[in-house]
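Inspection log for the structure reproduced underneath, given as structure tokens.
Every chain is numbered from 1, with letters handed out A, B, ... down the list of sequences.
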Number of protein chains: 2
Amino acid sequence: MRQLCMPQGLSPDELMKLETLICSARSVQRGEALYRSGDRFDSIYAVRSGSMKTVMAHRDGREQVTGLRLAGEALGLDGISDDVHACSALALEDSTVCIVPYTALKSLCREISSMQERMHKLLGEQIVREAAQMMVLGSLSADERVAAFLLDVSERNARRGYSSAEFNLRMTREDMGSYLGMTLETVSRTLSRFQKRGLIDTHGKHIRIVDLDGLRQV
Amino acid sequence: MRQLCMPQGLSPDELMKLETLICSARSVQRGEALYRSGDRFDSIYAVRSGSMKTVMAHRDGREQVTGLRLAGEALGLDGISDDVHACSALALEDSTVCIVPYTALKSLCREISSMQERMHKLLGEQIVREAAQMMVLGSLSADERVAAFLLDVSERNARRGYSSAEFNLRMTREDMGSYLGMTLETVSRTLSRFQKRGLIDTHGKHIRIVDLDGLRQV
DNA sequence: CGCATCGTTGATGAGCTTCAAGCAAGGTGG
DNA sequence: CCACCTTGCTTGAAGCTCATCAACGATGCG
């Protein structure tokens, strides 16, 4: 819980106030939705265990994965602008989340300036992360996209104290393709090629990064 | 000034406080940077006249346009997350912006809850807008991307009280291509095809939408 | 008015998608 | 407990969209 996205930069005293606010947790089964696009927005969330994806739908029904959230990362900010969620959040594996009621969080932000600061940074981080993903989608080749994605997940794992070299990606190839703007077949072929080149070692969803620098130079 | 992004939802009294805060304006010549990636972040901006683009650079030097800001829209939020701007903002034509010092804005947000509300919405809107652009880049064909872009600009013009059917896009074909993840040649060809189909009428940067529904159905 | 920038259009081919088939893994019920 | 079925992954072949290279025309700024 100390590792979570919200508390960073708060004093012990302030942390306590935050903890009284996080009144509840919720578990979400693999495949189940934490919230759906169009649902009324009233809380933001922090992934406590497991992982989730966010998905956005075009009016014609086409869906795209717009984000991946690992344990410790924040979720649900897509609802702030409209009081209605713009994405759906689906569990990639059995997961639990902390629920942070937004109205209460807003008051806390007014009381405690470091809480306000943290809130702004959280929103700002997502803005930058999404802009970076726009770059990936708009400028990189298939190989570069897959490499960038693996490096991103690796770094986020490292930041949370897990192995940066080895992890279980609970997304399917189709999810990865959707997130990276390509087909599942291209993802699969790219991973196979990376493996032949000695960059990674895959067994289904388990991925080990063998040559980090090589991957950076793709 | 009443049309601006910030004031929405504030009382006259609160508006006055905001106005004392916006201590200055600045003019930016066409092609000049309002801020550059890596610059220290200390203010957010509102475009008062003209238009700007935001640009993000990959480490290998490749650049991509990540956003277009018309008069009345907010700018600079990419600096909040780590006190340094993640993008550069360049003027597409001679423009002026209002400067809103971030530290002062933060205090104001603590004083006035509707100001805090507005700030959160501003950040949230950008998050949703960028997620929508990720969908465009990841899921749509070239034709669909161009159509979506024209419809987006059209709608934003309408919201600001200008014509939704006719406007001057100050971006070059290359800017549009970069924003839409395609080459300038493909943008040009697509616009030509739209013109032949009777969807739009272009003369260089001047664009008139002839068949709005047709464009929606692309 | 001249020059640089921007836009258009054509020809060619690379890179990715699509379609298809087979294989591996994991969960379920008899 | 194993056969069965579903779901996900891999790989191949063919085709299409879009990028690239190139040439020329239009525009507009100093």
Original post:
End-to-end bend of the helix from dC1(C)-dG30(D) to dG30(C)-dC1(D) (five-pair axes, 10° rounding)?
Top reply: 50°
Original post:
Glu73(A) and salt bridge (charged side-chain N to carboxylate O under 4.0 Å, His left out): which partner among Arg159(A), Arg156(A), Lys53(A)?
Top reply: Arg156(A)
**OP:** Pick base, sugar-phosphate or nothing for Leu191(A), based on heavy-atom distances below 4.0 Å to the nucleic acid.
**Re:** nothing
According to the ring-ring contact (aromatic ring centres under 6.0 Å, His included) rule, which pairs have a member within [range], sequence neighbours left out?
range                       : answer
residues 48-79 of chain A   : none
residues 129-184 of chain A : Phe149(A)-Tyr179(A)
residues 196-218 of chain A : none

**OP:** Strictly below 4.0 Å, heavy-atom distances to any atom of DNA chain D: list the hits from residues 135-152 of chain A, or just say none.
**Re:** none
Is there side-chain contact between [X] and [Y], with at least one heavy-atom pair below 4.5 Å?
X         : Y         : value
Leu212(A) : Leu151(A) : yes
Leu75(B)  : Thr54(B)  : yes
Leu137(B) : Gln64(B)  : yes
Val146(A) : Thr186(A) : no

Original post:
Do any side-chain nitrogens or oxygens of Ser192(B) fall under 4.0 Å of OP1 or OP2 in dT9(C)?
Top reply: yes
**OP:** Could you tell me whether the phosphate oxygens of dT17(C), OP1 or OP2, come under 4.0 Å of any side-chain nitrogen or oxygen in Thr186(A)?
**Re:** yes
Original post:
What is the per-nucleotide protein-contact pattern of nucleotides 21-30 of chain D, from the 5' end, where B denotes a base atom under 4.0 Å from a protein heavy atom, S denotes such proximity for sugar-phosphate atoms only, and - denotes neither?
Top reply: B---------
What integer distance in Å separates [X]:[atom1] from [N]:[atom2]?
X         : N       : atom1 : atom2 : value
Leu92(A)  : dT7(D)  : CG    : P     : 17 Å
His206(A) : dA25(C) : NE2   : P     : 14 Å
Met182(B) : dT20(D) : CE    : P     : 13 Å
Arg62(A)  : dT17(C) : CZ    : P     : 14 Å
Leu184(B) : dT9(C)  : CG    : P     : 13 Å

Subject >> Interface with DNA chain C, restricted to residues 196-205 of chain B and to heavy atoms under 4.0 Å >> reply: Lys205(B)
Original post:
Does anything in residues 168-179 of chain B reach DNA chain C, meaning a heavy atom under 4.0 Å, and if so which residues?
Top reply: Thr172(B), Arg173(B)
Subject >> side-chain hydrogen bond (donor to acceptor under 3.5 Å, both in side chains) involving Ser163(B) - partner list, sequence neighbours excluded >> reply: none
Original post:
Residues two or more places apart in sequence or in another chain: which of them pass side-chain hydrogen bond (donor to acceptor under 3.5 Å, both in side chains) with Asp211(B)?
Top reply: none
Original post:
Which side-chain hydrogen bond (donor to acceptor under 3.5 Å, both in side chains) pairs, counting each pair once, include a residue from residues 27-42 of chain A, with sequence neighbours left out?
Top reply: Tyr35(A)-Asp78(A)
Subject >> N/O donor-acceptor pair under 3.5 Å between Glu93(B) side chain and Ser51(B) backbone >> reply: yes
Subject >> Taking every non-hydrogen atom, the tightest pair across Leu215(A) and Leu150(A) >> reply: CD2-CB, 4.1 Å
Original post:
How far apart are the closest heavy atoms of Gln133(B) and Leu180(B), and which atoms are they?
Top reply: NE2-CD2, 4.1 Å
Original post:
Atom CG in Asp60(A), atom CG in Leu140(B): separation rounded to 0.5 Å?
Top reply: 8.0 Å
**OP:** Can you sort out the partners of Glu125(A) under salt bridge (charged side-chain N to carboxylate O under 4.0 Å, His left out), two or more places apart, ordered by chain and number?
**Re:** Arg118(A)
